[in-house]
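Count residues from 1 along the sequence. Computed from a predicted model, the values in this text were never measured in an experiment.
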Amino acid sequence: MAIGSSLAGAQGKTLADQNKIDKTMAPGCAVGLYTPAECDRHTKASADRRAELKS
C-alpha cells in the first residue's frame, strides 16, 4: 500500500473515515516518515475523535 492511498474521500465524519485516516498515518509512523511526537499526537487525536464519534 502506498502511503496516503487510503485517505481519498475521508472527511473525519464517521468511524470509517477515521479508519482511513489511521491507515494513512500508520505506515508513515512505522517507517519513520513522521516523528515519534507526530505519531503520538495522531494516536491521541484519533482516540479523541473516535470517542466523539461514538457519543
Study note, to complete from the structure: Sorted by chain and number, sequence neighbours left out, side-chain contact (heavy atoms from CB on, under 4.5 Å) with Thr43 holds for none

Practice item. Indicate yes or no: does Arg49 engage Asp22 in a salt bridge with an N to O separation below 4.0 Å. Key: no

Point to revise | Any residue meeting side chain to side chain donor-acceptor pair (under 3.5 Å) with Thr35, in chain and number order, not counting sequence neighbours | key: Glu38

Review point. Salt bridge between Asp40 and Lys44, side-chain N to carboxylate O under 4.0 Å?
Key: no

**Study point:** Residues forming a salt bridge (charged side-chain N to carboxylate O under 4.0 Å, His left out) with Lys13, sequence neighbours excluded
**Key:** none

Exercise for review: Write out all pairs satisfying disulfide bond (SG atoms under 2.5 Å apart) with one or both partners inside residues 8-37, taking only residues at least two apart or from two chains.
Suggested key: Cys29-Cys39

**Study point:** salt bridge (charged side-chain N to carboxylate O under 4.0 Å, His left out) partners of Arg41, counting only residues at least two apart
**Key:** none

Study note, to complete from the structure: Looking only at heavy atoms, the pair that brings Leu53 and Leu15 closest together is CD1-N, 3.8 Å

Practice item. Kindly say whether His42 contributes a backbone atom to a donor-acceptor pair with the side chain of Ser46 at under 3.5 angstrom? Key: no

